[in-house]
Amino acid sequence: MSTEMTARALLIKITCGAEAAERANQAWTVAAMGVTAGASVSVWLTGEAVWFAVPGRQPDLELPYATPVVELIEAVRLGGSITVCTQCAARRELVVQDLVSSATILGAASFVEAALADNVQALVY
């Protein structure tokens with residue numbers, strides 16, 4: 001029997017934007033800390049959260065004692081992945097070229113597939 005532990009991937013779905021600043025900031029903070037800890041981190045954005053993936057449109061959450069969200073997004077972009085909901089992007093007339101580099105647009109079936117994969121911890125904010 002192996003004593004080696006298999007690292008779990010971290011899948012974070014963010015469903016809010018500036019209207020729920022503390023919740024959104026907590027999600028990005030957890031995602032960035034996951035990257036720092038060496039986890040495979042995948043952030044999925046739905047609803048108003050899709051704006052976090054659009055350069056120049058990223059909400060400034062302006063929370064005292066919090067790392068600026070643009071820094072957290074960049075940490076995740078560089079060390080993990082960012083995916084925008086297909087329908088949410090379409091409703092806002094966004095295409096992949098509008099997003100931060102390396103971000104993708106995928107649908108609910110892809111999210112479910114990622115969430116049900118082995119060794120994945122899914123969190124929804």
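One is the number of the first residue; the rest follow in order along the sequence. It should be emphasised that the depicted structure is a prediction, and the values quoted were computed from it without experimental measurement.
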Student: Going hydrophobic residue to hydrophobic residue with side-chain gaps under 4.5 angstrom, can you get from Val100 over to Leu78?
Tutor: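 No, Val100 does not connect to Leu78 through the hydrophobic network.
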Student: Report the distance from atom CG of Leu123 to atom CD of Gln121, rounding to the nearest 0.5 Å.
Tutor: 5.0 Å
Student: Quick check on the hydrophobic clustering: are Val84 and Val112 connected, directly or via other members, by side-chain heavy-atom contacts under 4.5 Å?
Tutor: no
Student: Show, in sequence, the C-alpha distance, side-chain angles and deciding distance for Val54 and Leu99, and conclude whether the side chain to side chain contact (heavy atoms under 4.5 Å, CB included) test is met.
Tutor: CA-CA 5 Å; Val54 181; Leu99 308 179; 3.9 Å; yes
Student: Going by side chain to side chain donor-acceptor pair (under 3.5 Å), name the pairs with one or both residues in residues 56-67, residues two or more places apart or in two chains.
Tutor: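 Residue pairs with at least one partner in residues 56-67: there are none.
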Student: Roughly how far, to the nearest 0.5 Å, is the CG atom of Leu45 from the CZ atom of Phe52?
Tutor: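 That separation rounds to 8.0 Å.
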Student: Under 3.5 Å, side chain of Thr15 to main-chain N/O of Thr46, donor-acceptor pair present?
Tutor: no
Student: Thr86 side chain to Leu106 main-chain N or O, any donor-acceptor pair under 3.5 Å?
Tutor: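 Answer holds: yes.
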Student: Any chance the side chains of Ser81 and Ser42 put a donor and an acceptor closer than 3.5 Å?
Tutor: yes
Student: Can you name the residues that form a salt bridge (Lys or Arg N to Asp or Glu O under 4.0 Å) with Arg92, not counting sequence neighbours?
Tutor: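 Arg92: salt bridge (Lys or Arg N to Asp or Glu O under 4.0 Å) contacts with Glu48.
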Student: So does Glu22 have more than 12 non-hydrogen atoms from other groups sitting under 6.0 Å from CD?
Tutor: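 No.
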Student: Quick one: side chains of residues 27-41, donor-acceptor pairs under 3.5 Å with protein atoms, not counting sequence neighbours, listed by atom name and distance.
Tutor:
residue : atom : partner : partner atom : Å
Thr29   : OG1  : Asn25   : O            : 2.8
Thr29   : OG1  : Asn25   : OD1          : 3.4
Thr36   : OG1  : Ala32   : O            : 3.0

Student: Do Ile14 and Val124 belong to the same hydrophobic cluster, where Ile, Leu, Val, Met, Phe, Trp and Tyr are linked whenever their side-chain heavy atoms lie under 4.5 Å apart, directly or via other members?
Tutor: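 Each belongs to a different hydrophobic cluster.
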Student: Is it the case that the side chain of Glu19 and the backbone of Gly17 share a donor-acceptor pair, with hydrogens and angles ignored and the cut-off at 3.5 Å?
Tutor: yes
Student: With sequence neighbours excluded, what pairs up with Phe111 under the ring pair (Phe, Tyr, Trp, His ring centres under 6.0 Å) test?
Tutor: Trp44
Student: List the steps, then state whether side chain to side chain contact (heavy atoms under 4.5 Å, CB included) holds for Gln26 with Tyr125.
Tutor: CA-CA 8 Å; Gln26 182 179 18; Tyr125 288 88; 3.7 Å; yes
Student: If you look at every heavy atom in Ala18 and Pro59, which pair is closest and at what distance?
Tutor: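 Shortest heavy-atom contact: CB-CB, 3.8 Å.
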Student: Listing request: all side chain to side chain donor-acceptor pair (under 3.5 Å) pairs with a residue in residues 100-117, at least two apart in sequence or in separate chains.
Tutor: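 Those involving residues 100-117 are Arg77-Ser101, Thr83-Thr104.
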Student: What about Leu11 and Ile73, same hydrophobic cluster or not, with Ile/Leu/Val/Met/Phe/Trp/Tyr joined at side-chain heavy-atom distances under 4.5 Å?
Tutor: no
Student: Determine which pairs satisfy ring-ring contact (aromatic ring centres under 6.0 Å, His included) with at least one residue from residues 66-86, sequence neighbours left out, and list them in order.
Tutor: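 Not a single pair qualifies under ring-ring contact (aromatic ring centres under 6.0 Å, His included).
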Student: Counting heavy atoms not belonging to Gln87, are there more than 12 under 6.0 Å from its CD?
Tutor: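 12 or below, so no.
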Student: State, to 0.1 Å, how close Asp98 and Pro55 come at their nearest heavy-atom pair, and which atoms those are.
Tutor: O-CD, 3.3 Å
Student: For the residue pair Ala21 and Leu61, what are the closest heavy atoms and their distance?
Tutor: O-CD1, 3.7 Å
